[in-house]
Amino acid sequence: MISRLLELFLAYEEDPNVKLVMLKGEGRAFCAGGDVVAVVHDIWAGGWRAGANFFMKEFSLNYLMATYSKPQVSILNGIVMGGGNGVSMHGRFRVATENSVFAMPETALGLFPDVGASYFLSRLPGFFGEYVGLTGARLDGAEMLACGLATHFVPSAKLPMVEVALCDADSSDPVIISSIIDQYCEKSSLKEQTVYNRLDVIDRCFSQRTVEEILSALEREVVDQRDGWISATIQTLKKASPTSLKISLRSIRVGRVQGVGACLTREYRMVCHVMRGEFSNDFLEGCRAILLDKDKNPKWEPSKLEHIADTTVDRYFSKVKDEDWEDLKLPTRSKFNLPPYVIAKL
């Protein structure tokens, strides 16, 4: 699917008849993400390189979408998780509905939020991106709109009308496209128990320098407030891979000051280290426990945050020491053809 999308997006960019690209899922999901089980089977068969090739293509597609000269409209009517966010969040317009469910659940699998998530999560309000990335929290369409992951909220019943109107308009002008989608938007109400109403607590806790300090801050809050949501957040973090938490926090923090290309290049280094299992085999163990055996009882190694030194985290961000390995080579983009909102991402 990634190879085909890459082919199509490159062709559509050159085709003067294509004014915009609309992306939607078939069935009840927009896209539930990459097939990590297939990657794991390749690693078990002795081939981390097949996984590296998959991620190289995937991240190249993410970069192409992030720097696309024509508007992309992603219709997020259903589940949008992991790699599904990579093929939507980098585009110009992201339409949520009452059926939308966003998540980046990688830390529970021994992975980290990739597909350029260190770019788009780090640009959410306050430290909401750290919260979403470390906990894998699920957000609904209203929450996606509130935090900026979605640009519009349209009831699913009106989506066919949006598609027809956009096709009839036959325009590449983002202002025209946005105003057409606006005509079908409805006010989305945040639920009473929405996590978005806890931004003050999230900012106090997830702004801390280390994962250990984030947990300590949450534990102080739970004493003061006796809030079930805080307790649940603590438990979620304690169940996640300690290595994943540490590299994910570092990745999102570094992403705050990097362009989208630098984020994807760094994430490619990280994912190659994860697949090679030099420092930890948590990715294989997480997939075994959550996706294959489904016992939901992964045995993380190292098992405690304090057993993971900063120098170990550093190594995930370094070049892979393998003579055949190369850094991610992103598609060449000419700034002369790109709209200002794209150039800002570079």
Side-chain angles (χ1 to χ4, degrees), residues 32-33 79-82 84-85 96 98-113 117 121-122 124-150 188-249 251-253 282 285-287 289-291 294-300 302-306 308:
I79 292 166
V80 52
M81 293 185 182
N85 290 307
E98 75 281 3
N99 300 318
S100 300
V101 182
F102 167 97
M104 291 297 289
E106 287 80 4
T107 60
L109 291 173
L111 198 52
F112 62 92
L121 291 181
S122 64
L124 299 186
F127 293 86
F128 196 61
E130 279 88 339
Y131 163 73
V132 168
L134 294 184
T135 63
R138 294 185 172 205
L139 306 177
D140 65 20
E143 289 166 329
M144 289 171 70
L145 183 70
C147 74
L149 287 166
S188 60
S189 300
L190 289 165
K191 291 176 184 153
E192 197 180 331
Q193 292 300 311
T194 176
V195 70
Y196 209 66
N197 288 341
R198 294 183 162 94
L199 275 183
D200 54 340
V201 178
I202 287 170
D203 285 351
R204 274 199 301 277
C205 298
F206 284 84
S207 60
Q208 301 296 320
R209 194 179 62 85
T210 66
V211 180
E212 291 94 327
E213 288 166 6
I214 288 170
L215 274 164
S216 296
L218 285 164
E219 279 159 356
R220 284 195 299 275
E221 293 280 346
V222 88
V223 170
D224 295 341
Q225 298 193 37
R226 302 200 180 282
D227 184 333
W229 168 80
I230 299 173
S231 302
T233 301
I234 292 167
Q235 288 314 306
T236 298
L237 291 172
K238 287 185 172 176
K239 279 184 190 165
S241 156
T243 300
S244 290
L245 291 175
K246 287 212 165 185
I247 65 173
S248 298
L249 181 62
S251 180
I252 293 166
R253 291 278 157 88
D282 280 2
E285 174 58 11
C287 289
I290 308 297
L291 301 175
K294 301 188 179 177
D295 57 49
K296 298 190 176 168
N297 189 26
K299 301 284 187 285
W300 304 126
S303 60
K304 289 187 164 60
L305 290 163
E306 56 267 30
I308 304 158

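Below, all heavy atoms of this structure are taken into account, side chains as well, without hydrogens, waters or symmetry copies. These numbers were taken from a predicted model, which means no experiment stands behind them.
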Trainee: Would the distance check show the side chain of E285 and the main-chain N or O of W300 forming a donor-acceptor pair, the cut-off being under 3.5 Å?
Mentor: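 No; judged by distance alone, with no hydrogens or angles, the pair does not exist.
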
Trainee: Within a reach of under 6.0 Å around CZ of R253, are more than 12 heavy atoms found that belong to other residues, nucleotides or ligands?
Mentor: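 More than 12 heavy atoms, drawn from other residues, nucleotides or ligands, come within 6.0 Å of this atom.
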
Trainee: Report yes or no: does S207 contribute a side-chain atom to a donor-acceptor pair with the main-chain N or O of D203 at less than 3.5 Å?
Mentor: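 A pair under 3.5 Å: yes.
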
Trainee: Please identify which of these residues, D200, I230, L218, meets the side-chain contact (heavy atoms from CB on, under 4.5 Å) condition with C205.
Mentor: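 The passing option is L218.
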
Trainee: For S188 and L145, which heavy atoms make the closest approach, and how far apart are they?
Mentor: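 Closest approach of S188 to L145: OG-CD2, 3.4 Å.
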
Trainee: Which pair of non-hydrogen atoms, one from L249 and one from V211, has the smallest distance, and what is that distance?
Mentor: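 Looking at all heavy atoms of both residues, the shortest contact is CD2-N, 3.7 Å.
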
Trainee: Measure the spacing between CD1 of I247 and CZ of F112 and express it to the nearest 0.5 Å.
Mentor: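 Rounded to the nearest 0.5 Å, the CD1-CZ separation comes to 5.5 Å.
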
Trainee: Say whether, by atom type as modelled, one donor and one acceptor occur between the side chain of K239 and the main chain of A108 under 3.5 angstrom.
Mentor: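 Absent.
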
Trainee: Can a salt bridge be assigned to the pair K304 and E212 using a cut-off of 4.0 Å between side-chain N and carboxylate O?
Mentor: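 Looking at K304 and E212, the cut-off is not met.
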
Trainee: Check whether any side-chain heavy atom of T236 lies under 4.5 Å from a side-chain heavy atom of L134, and answer yes or no.
Mentor: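 T236 vs L134: side chains apart.
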
Trainee: Roughly how far, to the nearest 0.5 Å, is the CD1 atom of I202 from the OG1 atom of T135?
Mentor: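 Rounded to the nearest 0.5 Å, the OG1-CD1 separation comes out at 8.0 Å.
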
Trainee: Does E143 pair with R198 as a salt bridge, N-O distance under 4.0 Å?
Mentor: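 Looking at R198 together with E143, the answer is no, because their closest N to O distance does not fall below 4.0 Å.
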
Trainee: Considering non-hydrogen atoms only, spot the tightest contact between A142 and S189 and give its length.
Mentor: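 Heavy atoms only, the tightest pair is CB-O, 3.6 Å.
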
Trainee: With side chain to side chain contact (heavy atoms under 4.5 Å, CB included) as the criterion, how do K246 and T243 come out once you've worked through the C-alpha distance, each side chain's angles and the decisive distance to 0.1 Å?
Mentor: CA-CA 5 Å; K246 287 212 165 185; T243 300; 6.0 Å; no

Trainee: Side chain to side chain contact (heavy atoms under 4.5 Å, CB included) for E221 and D227? Distances and angles first, verdict last.
Mentor: CA-CA 8 Å; E221 293 280 346; D227 184 333; over 6 Å; no

Trainee: Taking all atoms of both residues into account, what is the closest heavy-atom pair of A103 and R138, and its distance?
Mentor: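 It is CB-CG, 4.0 Å.
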
Trainee: With D282, which of S244, S241, S303 fulfils side chain to side chain donor-acceptor pair (under 3.5 Å)?
Mentor: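 Going through S244, S241, S303 one by one, the side chain to side chain donor-acceptor pair (under 3.5 Å) with D282 is satisfied by S241 alone.
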
Trainee: Would you confirm whether Y196, through its side chain, and L190, through its main-chain N or O, come within 3.5 Å as a donor-acceptor pair?
Mentor: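 Flag not set: sc Y196 to bb L190 has no pair under 3.5 Å.
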
Trainee: Can you name the closest pair of heavy atoms from G133 and I252 and give their distance?
Mentor: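 Taking G133 first and I252 second, the nearest heavy atoms are CA-CD1, 4.2 Å.
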
Trainee: If I take atom CG from residue L215 and atom CG from residue L245, how far apart are they, to the nearest 0.5 angstrom?
Mentor: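 Rounded to the nearest 0.5 Å, the CG-CG separation comes out at 7.5 Å.
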
Trainee: I need the minimum non-hydrogen distance between G82 and E106, along with the two atoms involved.
Mentor: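 Closest pair (atom of G82, atom of E106, distance): CA-OE2, 3.3 Å.
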
Trainee: Go through the steps to decide whether Y131 and L124 satisfy the test side chain to side chain contact (heavy atoms under 4.5 Å, CB included), and finish with yes or no.
Mentor: CA-CA 10 Å; Y131 163 73; L124 299 186; over 6 Å; no

Trainee: Got F127 and I214 here, is their nearest side-chain heavy-atom distance under 4.5 Å?
Mentor: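 Result no, sub-4.5 Å side-chain heavy-atom pair not found.
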
